[in-house]
Amino acid sequence: MSELQDLYQEVILDHQRNPRNYARLPTANHQAEGANPLCGDHVTVHLDVKDGIIHDISFEGEGCAIAKASASMMTSVVKGKSVAEAAETFKNFHQMVTGGQDPCFDLEAMGKLAAFSGVSAFPVRVKCASLAWHTLNAAIHAGESKNKEP
Amino acid sequence: MSYPLDIARIRRDFPALAQKVHGYPLVYLDNAATTQKPIAVLDRLRTSYIDECANIHRGVYQMSERATASHEAAREKVRAFIGAARSSEIVFVRGTTEAINLVAQTYGRRFIEKGDEIVITAMEHHSNIVPWQMLCQERGAVLKVAPMDELGDLILPEYEKLLGPRTKLVAFGYVSNALGTVNPAKAMVEAAHRHGAIVLVDAAQAIPHRALDVRDLDCDFLAFSGHKIYGPTGIGVLYGKQRLLEAMPPWQGGGDMIMSVTFEKTTYAPPPAKFEAGTPDITGAIGLGAALDYVQSIGMEAIERHEADLIAHAEAALTRLPGVRLIGRPKHRAGAISFMLGDIHPHDVGTIVDRRGFAIRAGHHCAQPTMKFMGVPGTARVSFALYNTTDEVDALAACLAETQKMFRS
């Protein structure tokens, strides 16, 4: 069961039980929706970006433990980061969960995102872990939206 | 073989069941998706490819004659298995999906007109929704959906209310793949016929679990897939009443479906050849025939009784687990049980039990409207075949209890 324990680490279960930044975001000026049509998981990422800095971020949606925990942890990691830093983190995260990282990949530098390294042993679950990140990426590249009160 | 079945002996007929998954013995409980294949089917495919690997319906040499005879013998086995009057009413197709699309695109395009109504049920598989939606869009017809109750049973009076003079076609699943509901097929056919509608029965999930007779059901079309009844993938059956198959235009054009071809005019072969253009899945059909021989050697009645035991045992074992909610508690069930394990997402359940060797299904089961109605994003589903045992069910229940512990810790 050790691969399972690597996948469902306590920190991941904690994030899925108590997701961080799970809300709408009144100050949001970028957003995007993402979905895995095959499994029905869906997520909406709201961003408040000014001068290339992610000042605030939140998400909403439904999905499995991996998808939810990944979205939750992503929001807590990229909050306050620059758009460029977030993109770099996504690149590294993607390498980590697909197991495609080069030999000198620094897992420690991933910080708490390293909790998702166990995903690489479960290829069919990679899409769960990366859904929120793809959606973040789409939100960043989406045109700036007028702040709409929900 | 009589009831109770000699399961140890039956399991030896299925070499796939002896394998290990992640170091644990495989417990295969995704039979609604596809079934494992008995050695008798595998052997038949092999001998077919060695002894009679020739094209059918055209060779004048002996090997082609043998292949043709075996292929047509398989058609006859299907006819006998479903109680059709003539083997010309048996059209070989790729599977249930193709059978339904064939009817929608030939019968439907010829006979469904603007304003006509097609009735399906709220628990259909996507393959019995989308072809009709496409047809309705093209012809300006209207798709009506008969509702089910919260237990997953069709509300028969509501279904009957939907039927009327504009109802031209009714299509429904005999057994729901997502909920396990056995629909009152005979009563549904009768009601539709009272209004002059044609009825297609999707028997994909019924065929491996119960004896059925198309003349007793009196359905106009019936569709099923070979791979769900221990046969190969890529072969399936459309049964159609002779007079309907004759009235329908052909589907795909090509070799084998013609009487004569000139550049001015082609005359078509009679059914079933009219619907079987091109070289068919010859070996697949022969393998399906072997699969039907196999289940008949055991007996559909004995299979039905064995599976009823499994289902009763599994319903009890699952509901004993705290937090388990069965999705669908139909009055009559066959094949499948869908459930939620507390608030653990079905995909997490599927991944965790897989690591202990259990193959179960997690997701929407190609029945998104059913999931939406039940208020769940998807379910975990176990589905049974004649080779499953109550020990396997107990082992799964223990593994599910462990899964719950893991998520609670």
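Excluded from the calculations below are hydrogen atoms, water molecules and symmetry mates; all remaining heavy atoms, backbone and side chain alike, are included.
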Check this for me: [X], atom [atom1], are more than 12 non-hydrogen atoms of other residues, nucleotides or ligands nearer than 6.0 Å?
| X | atom1 | result |
| --- | --- | --- |
| A:Lys50 | NZ | yes |
| A:Glu33 | CD | no |
| B:Arg11 | CZ | yes |
| A:Asp51 | CG | no |
| B:Asp149 | CG | yes |
| B:Lys37 | NZ | yes |

Distance, nearest 0.5 Å, that separates CG of A:Leu13 from CE of B:Met406: 6.5 Å
What distance do A:Tyr8 atom OH and B:Asp348 atom CG have between them, rounded to the nearest 0.5 Å? 3.5 Å
Treating B:Arg355 as the side-chain partner and A:Ser2 as the backbone partner, does any N or O pair qualify as donor plus acceptor under 3.5 Å? no
Are the side chains of B:Ile344 and A:Gln16 in contact, using a 4.5 Å heavy-atom criterion? no
Under a 4.5 Å heavy-atom cutoff, which of A:Cys128, A:Gly40, A:Ala65 has the most pairs with chain B? A:Ala65
Check each atom of A:Ile66 against the heavy atoms of chain B and say whether the ones under 4.5 Å are side chain, backbone, both or neither. both
B:His347 portion near chain A, given a 4.5 angstrom heavy-atom threshold: both
